[in-house]
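Residue numbering restarts at 1 for every chain, and letters A, B, ... go by the order of the sequence lines.
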There are 2 protein chains.
Amino acid sequence: MKQGTRKQQIVNVAARLFKERGYSAVTMRDIATAMGIKASSLYNHISSKQDILTNIIIFLAEEFTNGMEAIRVSNISNIEKLNQIIELHVNITIQNTFEMASLNNDWMHLEERLEYYLKLRDDYEDNFREIIVEGMSNNEIVNGNPEVMLFSILSTLRSLYLWIPKKEDLKPEELSKNLINVLINGVKA
Amino acid sequence: MKQGTRKQQIVNVAARLFKERGYSAVTMRDIATAMGIKASSLYNHISSKQDILTNIIIFLAEEFTNGMEAIRVSNISNIEKLNQIIELHVNITIQNTFEMASLNNDWMHLEERLEYYLKLRDDYEDNFREIIVEGMSNNEIVNGNPEVMLFSILSTLRSLYLWIPKKEDLKPEELSKNLINVLINGVKA
DNA sequence: GTCTATAAGCAGATAGAC
DNA sequence: GTCTATCTGCTTATAGAC
């Protein structure tokens, strides 16, 4: 699905516009104009505007699900699992900066696939929470409120798409390392 | 402006709908129906849909600006300033959960007031960054990348509106305390 | 693969009655 | 303060020609 097909070109262009203005504010004419064609021509490659959104969001949600599953079953410490989750978000976000905006802000406009998306998201958060709770009982992670930790780390990772385009000088490995430092170790001297 | 006037009622109802579906996907008819009146009746109290959005966003942006200014000029350590910024976000978000969604996701739909909003936001981030940099040179804050610290803390604080409604059992003071723990001290044991 | 033409409905907003 | 009626333009999507 991640080919250079005409459909994928349309999805890529749409994702860029969706990031700038949101799904609802972008029209089929906007997408067509950005591609240099007429709106009606889009329908030779996609079946509806909804079809575009579904492609963007479900692809990404499954990427995260697959990445989390690999981390979950691996035989490493829970702190190391947190590090790998951070790397997972950095890598996916760098490869899909525009698409991440739709995943974060336009998922509620999904129709047929809304429930499926919500299930993937819930499962992802459950797996994430489990790592934190296990790390806490292992004394790898400091005692505290696991919900606040989960929310705090995940909020930062989900917002990366807003920030990565502005810091193109920072290499992925460097960014992951810095994020791990801040999110895992805090900022206090 | 925060009175129980008809205009304020409209803005409040609109903010709730904007949080659920975003500014562009909510119609004047939606807002009117939620108030039990007809769309044309709204125009006796507001001049346009844009007028509603501007009211929501500029009010909040100025709340944050005023809060930051009070913290900036106060004679306390930089770590203590960070703590107070966290409390500022918790308090404003609890009082304006719906409105925070528009501030985060619909600011790009501002028209006349877009530049003004962007200036307030930039100044806010500059003040925040300055506290981190000063804290670092004072050895209150660990040496590291100040941009990553700023982005990481701010992302969490800006996402609070998504999370606070689900955790109504958690008191504001308790939430601030937990957030300070995680954001300032990290999660590692 | 793209076009023109067009359908059918919905958007924000105004005029004027009550 | 709310209503009905209405305007103008834009929305997603389809049919059929090239």
So, the side chain of [X] versus the backbone of [Y]: is there a donor-acceptor pair under 3.5 Å, distance only?
X: A:His109; Y: B:Arg21; answer: yes
X: A:Gln50; Y: A:Glu111; answer: yes
X: B:Glu99; Y: B:Ala15; answer: no
X: B:Asp30; Y: B:Thr27; answer: yes

Using a distance-only criterion (donor-acceptor N/O pair, under 3.5 Å, no hydrogens), is the base of [N] paired with the side chain of [X]?
X: A:Thr27; N: D:dT12; value: no
X: B:Arg29; N: C:dG12; value: yes
X: A:Ser48; N: D:dT12; value: no

Does a nitrogen or oxygen in the side chain of [X] sit under 4.0 Å from OP1 or OP2 of [N]?
X: B:Ser41; N: D:dC3; result: yes
X: A:Ser40; N: C:dC3; result: no
X: A:Lys49; N: D:dT12; result: yes

Without decimals, in angstroms, what is the distance between [X] [atom1] and [N] [atom2]?
X: B:Tyr43; N: C:dA11; atom1: OH; atom2: P; value: 11 Å
X: B:Met35; N: D:dC3; atom1: CE; atom2: C1'; value: 16 Å
X: B:Gln50; N: C:dA13; atom1: CD; atom2: P; value: 9 Å
X: A:Leu42; N: D:dT11; atom1: CG; atom2: P; value: 13 Å
X: A:Lys7; N: C:dG1; atom1: NZ; atom2: P; value: 13 Å
X: B:Asp51; N: C:dT14; atom1: CG; atom2: P; value: 12 Å
X: A:Ile10; N: D:dA13; atom1: CD1; atom2: P; value: 13 Å
X: B:Glu111; N: C:dA13; atom1: CD; atom2: P; value: 9 Å

Which nucleotide, C:dG1, C:dG12, D:dG1, lies nearest any side-chain atom of B:Arg6?
D:dG1

Worked check of side chain to side chain donor-acceptor pair (under 3.5 Å) between B:Gln8 and B:Asn12
CA-CA 6 Å; B:Gln8 194 56 46; B:Asn12 290 342; 3.2 Å; yes

